[in-house]
Participant: 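First the structure, which I've put down as structure tokens, then a few questions once you've had a look.
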Amino acid sequence: MEKWYLMTIVVLIGLTVRWTVSLNSYSGAGKPPMFGDYEAQRHWQEITFNLPVKQWYFNSSDNNLQYWGLDYPPLTAYHSLLCAYVAKFINPDWIALHTSRGYESQAHKLFMRTTVLIADLLIYIPAVVLYCCCLKDISTKKKIANALCILLYPGLILIDYGHFQYNSVSLGFALWGVLGVSCDWDLLGSLAFCLAINYKQMELYHSLPFFCFLLGKCFKKGLKGKGFVLLVKLACTVVASFVLCWLPFFTEREQTLQVLRRLFPVDRGLFEDKVANIWCSFNVFLKIRDILPRHIQLIMSFCFTFLSLLPACIKLTLQPSSKGFRLTLVSCALSFFLFSFQVHEKSILLVSLPVCLVLSEIPFMSTWFLLVSTFSLLPLLLKDELLMPSVVTTMAFFIACVTSFSIFEKTSEEELQLKSFSISVRKYLPCFTFLSRMIQYLFLISVITMVLLTLMTVTLDPPQKLPDLFSVLVCFVSCLNFLFFLVYFNIIIMWDSKSGRNQKKIS
Amino acid sequence: MAAFTIAAGTGNWFSALALGVTLLKCLLIPTYHSTDFEVHRNWLAITHSLPISQWYYEATSEWTLDYPPFFAWFEYILSHVAKYFDQEMLNVRNLNYSSSRTLLFQRFSVIFMDVLFVYAVHECCKCIDGKKVGKELTEKPKFILSVLLMWNFGLLIVDHIHFQYNGFLFGLMLLSIARLFQKRHMEGAFFFAVLLHFKHIYLYVAPAYGVYLLRSYCFTANKPDGSVRWNSFSFVRVISLGLVVFLVSALSLGPFLALNQLPQVFSRLFPFKRGLCHAYWAPNFWALYNALDKVLSVIGPRGFLRCLTLCALSSFMFGWHVHEKAILLAILPMSLLSVQKAGDASIFLILTTTGHYSLFPLLFTAPELPIKILLMLLFTIYSISSLKTLFRWSFTLVAQAGVQWRDLSSPHPPPTGFKQFSCLCLPSYWDYRHAPPCPANFCLFVCFWRRSFILVA
């Protein structure tokens, strides 16, 4: 593409911000005995390197599952093994069995941060660049600005390079999947997505839209001809990729079951710690976690999740389109986040990635959502002493979005894609003309609340009787915002084709 | 919402650039800092806890006060803000004290003082004529100049990682240059005089100022062919200039004169006792002579800028005990020239790339290695691509790893004596206390010298 040098500059800015954030503290730094996610990843390198494959997911004297046992699918384990080989080459003390527990040093931190950067550079960043280059109907400058905004999204940077995780791998694979499927390379796309699921099981949040979209494509091609062939090919690709990843664990039934038990810990309850979803917020008023028995909780969350995502998925199956696919990814992941079982606050990144993909189409709402998603991570980031980088990256992201997309000029009904919806409503309520202004006011209120809450959490001490007051308030406010977004995204999905049909009738 | 739009400044790229680089500087807060951090903490302590009469005598720490009095007063003012962050840093005996609050305060003070630099860049942009109006934003000279100055790699790593206060000092210099361009000579002279009393290293470029002010301000008229009209000499103007310089110096050195401490102050500022004898002066004198010989034919503000860059380069090449950071003294003014003429842009690119690369040994810690590589790549790629787009060049790469620029739009053939430099070999000896004798810099110097001759003569 022309102006390749501008894209290079954007990538370099993204990398610089990532590395400077990584100079800060990580999760569990200097906090024995359990430490945090950083120690978990180091421990997995130790386990996968020193123990045979059959023992990775089992409790044994060498592998105490209570101390950060492996609870991600096999691809994470293989990645940890690869990092362990490099670690052994540099300093074997880092992964020595038992004795390396709680190992912390500057050199080790540099090594771990480098592994994250390399994984990011190889998988996520090329996907973002390619995605932005493949966007249709926008100028080169807007594509580059889009790439800049996506690469500056604070949530992913702070969690991966601050708290310490490898979300960029699974999100990168999912993005390759989206790219493949949108550009009609269905087999490669589904292969990439299977790799994503096999890296982190949370990617299952995205699985329904992929399934519905590909099914819809097969239906469109006709189930008696090409469609059926495509369906069979896709099924084979998925099965083959799963078999390849799980090969060492398919030898015995007990192995497979144990891995599944580790991946889906149903015993851990409806939610753990503070998370910005419905159950945690509801728990503030009514302690459902304690009142209802475990299986009722499961059924309830299952029902709510599927009821909220069903309309969008059915629509996607019947009318598969690239835009509908991305919007359904958002609403589906958001439904799972709000209503599902055992959700962690970091899972908001699974919603943020599809929202980044629709940034060029609905800049105002996407920017708003991405700001709220970063805000919802505040309690976690404060625990990791990442206040300064989170404030700075959020401001940088906001400035980038405002200057790239002029988001405050795009708040009309048409720009928000709510035109057909408001026309439908006006048939029953003629005075419904204030939608755009209402949304602007809501935005102002939301931002002011977020800023105030951040200031309060940082400067004030919570009262003695309610030590978790600020975390709960943050979760509650974020949850309200997310509910609003769930409604909004569902509206624009459902009212999308109607405008298409109406326009066809008019013309 | 309309108010919000205006406030957010949808068209205000300058604010976005300034804010962006400020946020980057905030991200650099936890990086490695050098002994200069302790130097400035010590000066905060000295100026805060001791009376003026002790400032230039205090020697508890090895980092004694060796900047002119204005800088000492600046540290004094800062110390009154510092006491709200961490009182302990203001104790002279707390050597190498660097609590997290101290770090935060010092880093923020550098970032805050850069506001003066941003203002100066804004003023310089006003002096650049946007000839090619109507083109897209990223190809306008003002935009490119703002990025080249505000996002300058050298300034970022020296000020915000290594730790120094060059930002606002260069701001003062750029402001004085801008005032001279705007024909507000008295203000330009005033700002430069103030700058000299903040950091005396700018004495190296004082000849350029002196001669330019003499030529363009004190001689009020020119003959039709452009040469000076000798009988238009204005004594009033000379005296008023002298008065400005005298008043500033009086304000700075007055208190120490009254305390009879001038010799001590000068011994701190110009440390002869470091065993350099006459040899210390010879290269400087020659550097000054070099510059003076050239500058008498200076015409116009652009010529002044060339002369200033030449003085800075001379001092860098031939001065004694020059820090590699002094290359910034040549790079920053040259940025102003680079967006206006293709030939200057080509020399600027080589100067800036090699100059910035020569700053690499300043940051020798492992975690900062990716930062310096990324920022260097960022600045280099941007400067090359934006200047190339601005002047629509084509490069011709010469076989022996040398690079020769040709401005296709120039009607003149390349100057006859213009030798292509045979190598861009980069310095191989790294000791951050000494300026490495770099063939590339020398060749650059020669090129720039000859080019200035041709353009000015």
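Sequence lines set the chain letters: A, B, ... in the order given, protein chains first and strands last, and positions in each chain run from 1. Being a predicted model, the structure only gives us computed values, none of them experimental.
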Participant: Would you say A:Tyr5 and B:Thr389 make side-chain contact, with heavy atoms under 4.5 Å?
Facilitator: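 When only atoms from C-beta onward are counted, B:Thr389 and A:Tyr5 do touch, with a gap below 4.5 Å.
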Participant: Return the CG to CG distance between A:Leu23 and B:Leu27, rounded to the nearest 0.5 Å.
Facilitator: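 Taking CG in A:Leu23 and CG in B:Leu27, the distance rounds to 9.0 Å.
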Participant: Around B:Met113, counting heavy atoms of other residues, nucleotides and ligands shown, do more than 12 lie under 6.0 Å from its CE?
Facilitator: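 Correct, the count exceeds 12.
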Participant: When you measure from the side chain of A:Trp19 to the backbone of B:Leu369, do you find a donor-acceptor pair of N or O atoms at a distance under 3.5 Å?
Facilitator: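 No, A:Trp19 side chain to B:Leu369 backbone: no donor-acceptor pair under 3.5 Å.
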Participant: Measure the spacing between OG1 of A:Thr16 and CG of B:Leu28 and express it to the nearest 0.5 Å.
Facilitator: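 Spacing of OG1 (A:Thr16) from CG (B:Leu28) equals 9.0 Å.
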Participant: Do you know which two heavy atoms are closest between B:Ile29 and A:Met388, and how far apart they sit?
Facilitator: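 Nearest pair, atom of B:Ile29 first, then A:Met388: CD1-CE, 3.8 Å.
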Participant: I'd like to verify something: which residue of A:Leu6, A:Val11, A:Val21, A:Ile399 has the highest number of heavy-atom pairs under 4.5 Å with chain B?
Facilitator: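 Highest number of heavy-atom pairs under 4.5 Å: A:Ile399.
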Participant: Which region of B:Leu104, side chain (C-beta onward) or backbone (N, CA, C, O), has a non-hydrogen atom less than 4.5 Å from a non-hydrogen atom of chain A, or is it both or neither?
Facilitator: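 Looking at B:Leu104, just its side chain touches chain A.
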Participant: If I measure from the heavy atoms of chain B, does A:Ile13 come under 4.5 Å with its side chain, its backbone, both, or neither?
Facilitator: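 When you check distances to chain B, atoms from both the backbone and side chain of A:Ile13 fall under 4.5 Å.
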Participant: Name the one of A:Val392, A:Thr20, A:Val391 that satisfies side-chain contact (heavy atoms from CB on, under 4.5 Å) with B:Cys26?
Facilitator: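 Among A:Val392, A:Thr20, A:Val391, the one meeting side-chain contact (heavy atoms from CB on, under 4.5 Å) with B:Cys26 is A:Val392.
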Participant: Once you round to the nearest 0.5 Å, how far does CZ of A:Arg18 lie from CG of B:Leu374?
Facilitator: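 Those atoms lie 11.5 Å apart.
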Participant: In Å and rounded to the nearest 0.5 Å, what is the CG to CD1 distance from B:Leu378 to A:Ile9?
Facilitator: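 Atom-to-atom, B:Leu378:CG and A:Ile9:CD1 are 6.0 Å apart.
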Participant: In terms of heavy-atom pairs under 4.5 Å, which option from A:Lys141, A:Arg113, A:Lys109 contacts chain B the most?
Facilitator: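 It is A:Lys141.
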Participant: Within a 6.0 Å radius of atom NZ on A:Lys410, are there more than 12 heavy atoms belonging to other residues, nucleotides or ligands?
Facilitator: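 Enclosed: over 12 neighbouring heavy atoms sit under 6.0 Å from NZ of A:Lys410.
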Participant: Hey, could you give me the CG/CD1 distance between A:Leu15 and B:Ile371, rounded to the nearest 0.5 Å?
Facilitator: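 Taking CG in A:Leu15 and CD1 in B:Ile371, the distance rounds to 12.0 Å.
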Participant: Considering only heavy atoms and a distance below 4.5 Å, find which of B:Ala16, B:Pro367, B:Pro30 pairs most often with chain A.
Facilitator: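 Option with the top pair count is B:Pro367.
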